[in-house]
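Presented below is the structure to which this report refers.
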Amino acid sequence: WCLKKKLNAGNELAFKRRFIAASQEHKVESALNRTGGDRKHIYRGIRLNERAQTYMDSIVSFESDGAY
């Protein structure tokens, strides 16, 4: 999303604010999911296109690729 909009992703909080603001008309919302004591921020109302899903399925872990 940041690359497409030619924006610097910045930190996680800045990205979250810009992403939610830019996607309001699509009814995207952020939520906090608690699983096994861990808290994870998630976005509801979005899905990946086929090309992006294929890419995600090919990645074992973002941490091992150095991308976050």
Side-chain angles (χ1 to χ4, degrees):
W1 179 82
C2 285
L3 293 175
K4 186 175 182 180
K5 298 288 185 180
K6 296 184 173 126
L7 298 171
N8 180 357
N11 64 25
E12 189 173 338
L13 181 59
F15 173 81
K16 178 181 174 181
R17 286 180 182 161
R18 286 192 301 232
F19 182 73
I20 294 298
S23 57
Q24 285 181 348
E25 68 269 9
H26 300 291
K27 299 184 178 165
V28 173
E29 59 184 39
S30 66
L32 190 60
N33 188 17
R34 293 178 190 252
T35 306
D38 292 333
R39 297 181 334 165
K40 296 192 183 217
H41 293 275
I42 60 171
Y43 298 97
R44 292 189 175 134
I46 61 172
R47 65 182 168 93
L48 299 175
N49 65 25
E50 186 177 328
R51 182 176 169 203
Q53 187 63 56
T54 300
Y55 173 73
M56 292 301 294
D57 293 342
S58 74
I59 295 176
V60 174
S61 170
F62 277 113
E63 288 80 17
S64 65
D65 288 350
Y68 289 85

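Since we're looking at a predicted model, the values are computed, not measured. Sequential numbering from 1 along the given sequence is applied to the chain's residues.
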Below 4.5 Å, heavy atoms only, C-beta onward: do [X] and [Y] meet side chain to side chain?
{"X": "Phe19", "Y": "Val28", "value": "yes"}
{"X": "Leu32", "Y": "Lys40", "value": "no"}
{"X": "Asp38", "Y": "Arg34", "value": "no"}
{"X": "Ser30", "Y": "Lys16", "value": "yes"}

Checklist entry - So, Asn49 and Gln53: side-chain donor and acceptor under 3.5 Å apart, yes or no? => result no
Checklist outcome for this item: The reported gap from OH in Tyr43 to CD1 in Ile20 (rounded to nearest 0.5 angstrom) is 6.0 Å
Next on the checklist: What's the separation between atom CD1 in Ile42 and atom OG1 in Thr35, rounded to the nearest 0.5 Å?
Outcome noted: 8.5 Å
